[in-house]
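Take a look at the structure set out below.
Source: prediction; values computed, not measured. We count residues from 1, following the sequence as given. Atom set for the values below is all heavy atoms of this structure, side chains included, hydrogens, waters and symmetry mates excluded. Just follow the structure's listing: the first ligand is 1, and inside any ligand the first atom is 1.
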Amino acid sequence: MNSLRPIIHVVAAVLAIAGFSSSRAGNAGSLEVEVFKGQFATVNSFIVSNGTSLVVIDVLRKTDDARKLVEAIRARKLPLTHVLITHGHTDHFTGMPLFRDEFPDAKIVVASEDIRRDIKVYAIYMDSGGETSAEPALEPALRPKAAGNPGGFDYENTIQVLPGNTLNLEGGGTLELATDYLPAEAHYTTTVYSRDLNALFLSDLGYNKVHHWQGDDISRENIANWRAELIRLKARYAAANPTVYPGHGDIAGMELFDEMVQYIDNYTRITSVAKTRQEAMEKMIELYPDHAEADFFLKYSVENHVRENP
Ligand SMILES: [Zn+2]
């Protein structure tokens, strides 16, 4: 924690609802953010309010999780105007069909055409056996609309690309979006900065006390890119010293960047020299005994980066 950061006033105590928890943080400006923690994959959604309308950032990996998020939004009794999807991974966009049905007036938006395309490509990948055995299959409502599946999800017409790099809340307040990142945890990622809140939402460039996802197609080059972007982000936001909201895990401060760089260095070293996957797993768990998702994110990352002789 850094004393220069604005004091975050906890408006509501942590709620525990059927394994879910959410915390609400007030602010000195006109915006307020509520962190909504998904039960699956330690993934976060964020409800941003200006007291007049709401925006939600990411919509979780399971429809059951997303349904709880819908309830949290309805409890605020304000119109939801936008659903912002930060990147094309299922743990951030699975709730889209539910949100389309529950909030027909809310726009589902992304910051770039690349991200819209990535979302559909990843949905198809997950639906065609790309998923790890730790994950549920793609929810049927996300199967793309096609000649043979006319009731499927219409990615091109349901997801809108924002015209600029800002998202303006109805009634005031601006979210500044950035997508100028090298391919890292995802090919394309959106970060969100709010001046009102002095809050930086890192999406999946940020993991706090959760093993980083480095499975699937995340190459060593992507990991090196990720490290470089963390250093660049730290420098870019050093003067503002914002509260940092990671895609996975708890709210942090600027110290998160150094912690993540060190994690990447340890992971890279350990997975480069380990003779077996088990050895790599044991060494990472020994270094990071309190990190979540060892059986999921770490396991499949190690499978991706430690080759074993047959
Ligand atoms: Zn994620």
Side-chain angles (χ1 to χ4, degrees), residues 20 22 35-47 56-66 68-69 83-96 99 108 110-112 114-116 118-123 125-126 130-132 134-139 142 159 177-179 181-192 200-219 222-223 225-227 229-230 233 244-252 256 259-260 263-264 267 288 291-301 304:
F20 291 80
S22 77
V35 181
F36 190 92
K37 298 183 173 197
Q39 194 174 43
F40 188 82
T42 331
V43 66
N44 295 323
S45 286
F46 307 101
I47 304 165
V56 66
I57 302 173
D58 289 334
V59 286
L60 308 172
R61 177 59 181 90
K62 288 180 144 187
T63 299
D64 285 350
D65 270 8
K68 302 279 185 192
L69 177 60
V83 177
L84 174 70
I85 307 295
T86 60
H87 69 287
H89 281 164
T90 30
D91 52 332
H92 300 258
F93 69 71
T94 292
M96 283 194 304
F99 272 74
I108 300 177
V110 291
S112 77
D114 291 321
I115 292 171
R116 177 161 67 180
D118 241 22
I119 291 170
K120 185 178 180 182
V121 166
Y122 203 75
Y125 167 67
M126 293 296 284
E131 74 272 16
T132 69
E135 268 185 280
L138 187 79
E139 305 224 359
L142 279 170
I159 303 171
L177 314 179
T179 57
Y181 299 106
L182 296 165
E185 195 266 8
H187 300 282
Y188 302 95
T189 302
T190 312
T191 60
V192 178
L200 175 61
F201 300 86
L202 285 179
S203 184
D204 278 6
L205 289 169
Y207 280 64
N208 186 16
K209 307 254 174 335
V210 177
H211 287 287
H212 302 184
W213 173 249
Q214 297 166 122
D216 273 351
D217 57 350
I218 299 174
S219 65
N222 291 151
I223 295 171
N225 287 343
W226 193 350
R227 187 187 192 282
E229 293 297 9
L230 289 167
L233 277 160
V244 177
Y245 293 78
H248 293 261
D250 293 338
I251 298 173
L256 183 65
E259 289 170 12
M260 288 187 67
Y263 180 99
I264 286 173
Y267 177 88
Y288 297 103
H291 273 42
E293 307 298 340
D295 293 340
F296 181 9
F297 294 167
L298 179 61
K299 177 172 186 264
Y300 291 97
S301 298
N304 189 28

- Message: As a quick check of understanding, evaluate ring pair (Phe, Tyr, Trp, His ring centres under 6.0 Å) for W226 and H212, giving each step before the final call.
- Response: CA-CA 11 Å; W226 193 350; H212 302 184; 5.0 Å; yes

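Taking the six-membered ring for Trp and thresholds of 30 and 60 degrees, Y263 and Y288 have ring planes inclined between 30 and 60 degrees apart.
Between the OD2 atom of D91 and the OD2 atom of D204, the angle centred on the Zn ion (ligand 1) amounts to 160° when rounded to 10°.
No option in V110, L60, I119 other than I119 meets the side chain to side chain contact (heavy atoms under 4.5 Å, CB included) test with F93.
Closest N/O/S atom of H248 to the Zn ion (ligand 1): NE2.
Using a cut-off of 2.8 Å, one finds that H92 contributes an N/O/S atom close to the Zn ion (ligand 1).
Counting heavy atoms from C-beta outward, I223 and Y267 have side chains that approach closer than 4.5 Å.
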